[in-house]
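Okay, structure first, notes after.
Only a predicted model underlies this, so the values are computations on that prediction, with no experimental measurement involved.
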Amino acid sequence: MTEMKPIASFGEALIDLLSIDSKNYIVNPGGAPANVAAAAALLGVPSYFIGKIGKDAFGASIRSKLTEVGVRTDYLLESPDKSTTLAIVTLTEKGQRDFAFYRKDTADLSLTVEEIPLELLEEAGVFHFGSLTLTAEPARTTTLLAAREARRRGCLVSYDPNLRLNLWNSEEQARSAILEAMELADLVKINEDELCFLTEAEFNGIHSHSLETRAQFLSARFGLKALLVTLGADGCFSVTVRGIEKFQGIPVQAVDTTGAGDAFVGALLSGIARELTSPDEWPEWLALPGNWTRAVKTAIRYSALSTEAYGAIDSYGPEPFLSTEEER
C-alpha cells in the first residue's frame, strides 16, 4: 500500500479562553489551521502544522496539545519577543460563539517568507490555509507565497476564509484580501454568511438570489475544483464537476460550536488524503460515484459530534470513517 502523503496546515495557532460564566474561563489551544491539523492527526493521517507561537506559557500549551494529538510540530516556530494570540470566546444558549481577539503584533503574524518549509511542501499531498494570517505583514505575504509554492509543487490547496471582521481595518479590505487568496485554492470551505459577504458586490444586496446561485458564481469565478458551503445543523452543499449536491446534517445536542468548521475540514481532507496517492488523481477520484459522498458525509458527522463537547481540539476524537454501506 502506498504511504499517505501528509497534510500541511498553515496559519495561526492561538489560545481560546472560553467563558463558561462571568468569572471562569477554560483554556483551549486552537486557531483554525491548528484545529484542522489536529483533526487530521486524530483521524490517522500524517499531519504537520506550520506557524509561529510566542515563547510563553500559552505557546507551550499549544505545542503540548498538538503533540499530544499527533500533529508533527517540526515547523511550529517560536518568537522570542512576541506573544501568543488570545481569543476570548463567549457562547449563546445554543452554543454559538462570539470572539474578541488580543492580537496586536503577535507571534503568528510575524512568520516570514524565509521560514516557509519548502521541503515539507515538496512532500505534502494537501496544503491547507486560512485568512487570519492575511490581516497583517509579514504574515500576509508569507501566507500567499506558501500557498503559491504548495500549488506549484503539486499539492491540493484547501482554503477556509474563516471571516473575522473585527481583525480587519474594514469590510472592503477583508473582502479584497480573502478573494485574492481564493485564486490560489482548489478546494474551499465556506459558511453561508461568508458566502453572502463575499458575493455582496456582484449580487448588489439582492437577497432573493439563492445560496446555490451565489456558490456557483464564486466557484466559476475562481475555477474551484470543489466549493463546500456549510449550513450548521442543516448540513452542507457542494459545487463540483458533479453539479450541486446537498448533504443533510445529523441531530446532536450541541453545547459549543467552536472548531466545528475546522473539524469538518480536517475530516474532509483526511478522507481525501487517505485515498489519493497523488493530487493529480483528484479529478478522477472526484468523478467516481461514492468517493465525494463518503468524504463529505464523514466530515458532517465528525463536525456535528465535535459540538457535543466544549472547546475545539479537546472535542475531537478518533472517529472512524464511514463504510461503503453507511455512505448510502
Point to revise | Gap between atom CG of Leu132 and atom CG of Leu14 - 0.5 Å precision | key: 8.0 Å
Review point. Taking C-beta and beyond as the side chain, do Asp256 and Thr307 meet within less than 4.5 Å on heavy atoms?
Key: no
Review point. What about Leu145 and Leu109, same hydrophobic cluster or not, with Ile/Leu/Val/Met/Phe/Trp/Tyr joined at side-chain heavy-atom distances under 4.5 Å?
Key: no
Practice item. Say whether Asn35 and Asp262, considering side chains only, have a donor N or O and an acceptor N or O under 3.5 Å apart. Key: yes
Study note, to complete from the structure: So OG of Ser158 and NZ of Lys189: to nearest 0.5 Å the spacing works out to 9.5 Å
Exercise for review: Give a yes or no answer on whether the side chain of Ser131 reaches the backbone of Leu134 with a donor-acceptor pair at less than 3.5 Å.
Suggested key: no
Check your understanding: Would you find more than 12 non-hydrogen atoms of other residues, nucleotides or ligands less than 6.0 Å from Glu119 atom CD?
Key -> yes
Point to revise | side-chain contact (heavy atoms from CB on, under 4.5 Å) evaluation trace for Leu268 with Val296 | key: CA-CA 6 Å; Leu268 180 75; Val296 176; 4.0 Å; yes
Check your understanding: Do Tyr75 and Phe49 have ring centroids that are under 6.0 Å from one another?
Key -> no
Revision key, fill the gap. Rounding to 0.5 Å, atoms OG1 (Thr142) and CG (Leu111) come to a distance of 5.5 Å
Exercise for review: Check Ser79 against Ala107 and note the closest heavy-atom contact, atom names and distance.
Suggested key: CB-CB, 3.9 Å
**Study point:** SB check Arg152 Glu149 (cutoff 4.0 Å)
**Key:** yes
Review point. Given side chains that start at C-beta, do those of Ile50 and Leu120 come closer than 4.5 Å, heavy atoms only?
Key: yes
**Study point:** Any Val69 side-chain heavy atom under 4.5 Å of Ile313 side chain
**Key:** yes
Exercise for review: Please step through side-chain contact (heavy atoms from CB on, under 4.5 Å) for the pair Tyr310 and Val255, ending with a clear verdict.
Suggested key: CA-CA 7 Å; Tyr310 289 104; Val255 297; 4.2 Å; yes
Name the atoms and distances for all side-chain donor-acceptor pairs under 3.5 Å in residues 236-244, with sequence neighbours left out.
from	atom 1	to	atom 2	distance (Å)
Ser238	OG	Trp292	NE1	3.0
Thr240	OG1	Arg242	N	2.9
Arg242	NE	Glu245	OE1	2.9
Arg242	NE	Glu245	OE2	3.3
Arg242	NH2	Glu245	OE2	3.0

Check your understanding: Would you call Glu180-Arg140 a salt bridge at under 4.0 Å N-O?
Key -> yes
Review point. Between Thr84 and Asp56, is a side chain to side chain donor-acceptor pair (under 3.5 Å) present by the stated rule, with each step listed?
Key: CA-CA 7 Å; Thr84 301; Asp56 50 33; 2.8 Å; yes
Check your understanding: Is Arg274 reaching over with its side chain to a backbone N or O of Leu43, donor-acceptor style, under 3.5 angstrom?
Key -> yes
**Study point:** Atom of Met4, atom of Val45 and distance for their closest heavy-atom approach
**Key:** SD-CG2, 4.0 Å
Study note, to complete from the structure: In terms of heavy-atom contacts, Asn291 and Trp285 come closest through ND2-O, 2.9 Å
Check your understanding: Which heavy atom in Ala299 sits nearest to a heavy atom in Phe264, and how many Å separate them?
Key -> CB-O, 3.4 Å
**Study point:** From CH2 (Trp168) to CG (Leu163), nearest 0.5 Å
**Key:** 8.5 Å
Point to revise | Salt bridge present between Glu12 and Arg103 (N-O < 4.0 angstrom) | key: no
Practice item. May I ask you to test the Ile116-Leu121 pair for a side-chain heavy-atom distance under 4.5 Å? Key: yes
Review point. Can you list the steps and then say if Gln216 with Ser219 is a side chain to side chain donor-acceptor pair (under 3.5 Å)?
Key: CA-CA 5 Å; Gln216 286 178 310; Ser219 181; over 6 Å; no
Practice item. Using a 4.5 Å cut-off on heavy atoms from C-beta on, say whether the side chain of Leu187 contacts that of Trp282. Key: yes
**Study point:** Reference residue Val188; test side chain to side chain contact (heavy atoms under 4.5 Å, CB included); the match among Lys225, Met182, Glu194
**Key:** Met182
Check your understanding: Which atom names give the shortest non-hydrogen contact between Glu78 and Arg63, and what distance separates them?
Key -> CG-NH2, 3.6 Å
Point to revise | Verify same cluster id: Ile250, Phe247 (apolar side-chain graph, 4.5 Å) | key: no
Review point. Between Lys55 and Asp81, is there a side-chain N and carboxylate O pair less than 4.0 Å apart?
Key: no
Check your understanding: Taking the side chain from Thr143 and the backbone from Ala139, do they hold a donor-acceptor pair closer than 3.5 Å?
Key -> yes
Point to revise | Non-hydrogen side-chain atoms of Asp16 and Thr258 separated by less than 4.5 Å | key: yes
**Study point:** Heavy-atom donor-acceptor pair, Ser64 side chain to Ala60 backbone, under 3.5 Å
**Key:** no
Check your understanding: Heavy atoms, side chains only, cut-off 4.5 Å: are Phe197 and Leu165 in contact?
Key -> yes
Practice item. Test Tyr159 against Phe129 for ring-ring contact (aromatic ring centres under 6.0 Å, His included), laying out the working first. Key: CA-CA 5 Å; Tyr159 176 48; Phe129 74 110; 4.6 Å; yes
**Study point:** Carboxylate-amine/guanidinium contact Lys52 Asp108, below 4.0 Å
**Key:** no
Review point. Less than 4.5 Å apart, any side-chain heavy atom of Glu275 and any of Arg294?
Key: yes
Check your understanding: Can Arg151 be said to sit on top of Phe127's aromatic six-ring, NZ or CZ under 6.0 Å from centre and within 45° of the ring axis?
Key -> no
**Study point:** Reference residue Ile190; test side chain to side chain contact (heavy atoms under 4.5 Å, CB included); the match among Leu228, Thr230, Ile178, Leu218
**Key:** Leu218
Point to revise | Spacing of Arg72 atom CZ and Leu66 atom CG [to the nearest 0.5 Å] | key: 13.5 Å
Study note, to complete from the structure: CD1 of Ile7 to NE2 of His128, rounded to nearest 0.5 Å, is 9.5 Å
Review point. At their closest point, which heavy atom of Gly249 faces which heavy atom of Ile300, and how far apart are they?
Key: CA-CG2, 4.0 Å
Review point. Can a donor-acceptor pair be found between the side chains of Thr213 and Ser210 at a distance below 3.5 Å?
Key: yes
